[in-house]
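Numbering of ligands and ligand atoms starts at 1, following listing order. Computed from a predicted structure; not experimentally measured.
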Amino acid sequence: MRVLITGAAGFLGSHLSDRFIKEGHTVIGMDNFITGSMDNIAHLMGHERFSFINQDVSNFIYVAGELDAILHFASPASPNDYLEHPIPTMKVGSLGTHNTLGLAKAKGARYLFASTSETYGDPLVNPQPETYWGNVNPNGPRSCYDEAKRFSEALVLAYHRYHGLETRIVRIFNTYGPRMRLNDGRVVPNFIGQALTNKPLTVYGDGSQTRSFQFYTDLVEGIYRLLFSAETMPVNIGNPGEMSILEFARAVIEHADSKSDIVFTNPTDGRFTDDPKVRRPDISKAKRVLDWEPKVGLADGLFETIAYFRDKV
Ligand code: UDP
C-alpha cells in the first residue's frame, strides 16, 4: 500500500511510519514540526519506500500519485502543547481533517482518524465504552483539543455516510514510550525526567485522579489491525490497567531507581482545569472486532522508556 501519515514526525506518527515500512508498504510522512521532531524520522530519511513532505495539513494539501490509505495523526497532543497552540490545534482537528478526508475521497483511499479518550472529557462512567457520549466542557482550556477531535469524528462519519468513504476511528488512551518529548508536559516524560535528575515529582492536585497507561507498541498493533478491519465506528485502544497518578509517581521513582520526593502542586495556568478524575478504557470492542489486547505491562514499558530518556535529561 501507499500510505500518507500526517504527524509523521511525532511520537505516534513516527512509530506508525516504522510499522508500515516494516510491513513492506510505502509511506509518505507529512509534518510541520509544530510539536514533531526530525529526530523521530531521521532514520527513515533516505529509505527507498519513505518520503517526507514538510507541510501544514490545515492548509490545502497536495500529494502526487495514488494513495491507498491516509492516517491523520497530526495534532498537538499534550495539554501543555494545546494550551500553547490552541488555534493550530483546532485547525488541524477541523480544517486538517477536512483536507485529509477530501484527499482520501479524491484518491479513493481508506481513512483512519486518530481520536482520543478526551472525547469522553471528565467521564461520569468508568471504564469508558465507545457508546458513552462523554462529559466535555465545550469552552474550557482543554476544549480546543476535545471539541476538535469530537468535530473530526463527526466529519469522518459524515464522509463515510454521505460519500461512502472507508473510514476508521481509533480512540487513543494515554500512551507512552520512546520518542515522547522530554518537555512536552505530559505526566510520563515529566515524571521520568524529574526522577532521573532526582528532582521532586510534581503531582497535580492530590494525585487521586486515575489514568491507564499503554505502551506504544500495543497501540501501533491495535491501529494496524483496525485499519484492515471492517469496523467503521470508533474503537478504544488502551491498556485497562488503571492507577492513580500518585501510584504512578511511586512506580516511576521505583523503576528509575531514583531518590526523588513527591510534591503536590496545583497549576493555575489551565493545565489542570477540567483534568479528568478517572480514565480507563473498556476494551471489549477491540477484543471482539480486532482480537486485540495489550501485551506490555507497566514495568517493561517503563524500563524501555526510562532507558530512552536517560541520555536526554
Ligand atoms: N500530571 C501530574 N504531574 C505532571 C503532569 C501531569 O500530576 O507533572 C497529571 C495530570 O494532572 C493528569 C495526569 O497526570 O491528571 C495525566 O496528565 P497528562 O498531561 O499526561 O495527560 P492527560 O491524560 O491529562 O491528557
If the cut-off is 4.0 Å to any non-hydrogen atom of [X], which atoms of ligand 1 fall inside it?
{"X": "Pro79", "result": "19 (O), 25 (O)"}
{"X": "Gly185", "result": "5 (C)"}
{"X": "Arg279", "result": "22 (P), 23 (O), 25 (O)"}
{"X": "Glu118", "result": "25 (O)"}
{"X": "Val203", "result": "7 (O)"}
{"X": "Asn190", "result": "4 (C), 5 (C), 8 (O)"}
{"X": "Phe272", "result": "11 (O)"}

Structural part of [X] in contact with ligand 1, heavy atom criterion under 4.0 angstrom:
{"X": "Asn174", "result": "side chain"}
{"X": "Arg211", "result": "side chain"}
{"X": "Arg142", "result": "side chain"}

One thing to verify: whether [Y] and [X] come together as a salt bridge, which I'm taking to mean a side-chain N less than 4.0 angstrom from a carboxylate O.
{"X": "Arg171", "Y": "Glu118", "result": "no"}
{"X": "Arg179", "Y": "Asp18", "result": "yes"}
{"X": "Arg250", "Y": "Glu254", "result": "no"}
{"X": "Asp300", "Y": "Lys295", "result": "no"}

Quiz item: cation-pi between Lys312 and Tyr308, 6.0 Å / 45°: yes
Just distances here: any N/O of [X] and N/O of ligand 1 closer than 3.5 Å?
{"X": "Val188", "result": "no"}
{"X": "Gln209", "result": "yes"}
{"X": "Gln194", "result": "no"}

Any donor-acceptor N/O pair, Gln194 side chain to Thr202 backbone, under 3.5 Å: yes
With a 4.0 Å cut-off on heavy atoms, is [X] in contact with ligand 1?
{"X": "Phe248", "result": "no"}
{"X": "Ser78", "result": "no"}
{"X": "Arg271", "result": "no"}
{"X": "Ala249", "result": "no"}

Side chain to side chain, Asn80 and Arg186, heavy atoms closer than 4.5 Å: no
Sequence neighbours excluded - ring pair (Phe, Tyr, Trp, His ring centres under 6.0 Å) pairs with any residue from residues 4-34: Phe11-His15, His15-Tyr216, Phe20-His25, Phe20-Tyr224, Phe33-Phe52
Tyr204, Tyr176, Phe173: member with heavy atom nearest to atom 7 (O) of ligand 1: Tyr204
Passing option when Tyr132 is tested against Asn126, Leu124, Asn236 for side-chain contact (heavy atoms from CB on, under 4.5 Å):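 Testing each of Asn126, Leu124, Asn236 against Tyr132, the sole residue satisfying side-chain contact (heavy atoms from CB on, under 4.5 Å) is Leu124.
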Plane angle bin for Phe248 and Phe213 - parallel if under 30°, tilted between 30 and 60°, otherwise perpendicular: parallel
Closest approach of any protein heavy atom to [atom], naming residue and atom:
{"atom": "atom 18 (P) of ligand 1", "value": "Val187 N, 3.7 Å"}
{"atom": "atom 12 (C) of ligand 1", "value": "Asp275 OD1, 3.2 Å"}
{"atom": "atom 13 (C) of ligand 1", "value": "Ile245 CD1, 3.5 Å"}
{"atom": "atom 3 (N) of ligand 1", "value": "Thr202 O, 2.5 Å"}

By side-chain contact (heavy atoms from CB on, under 4.5 Å) - contacts of Ser258 (at least two apart):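 Partners of Ser258 under the side-chain contact (heavy atoms from CB on, under 4.5 Å) test: Ala195, Asn198, Ile253, Ala256, Ser260.
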Same cluster (ILVMFWY, side-chain, under 4.5 Å), Val3 and Ile21: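 Yes: a chain of side-chain contacts under 4.5 Å links Val3 to Ile21.
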Approximate separation, where rounding is to 0.5 Å, of Thr100 OG1 and Ile5 CD1: 13.0 Å
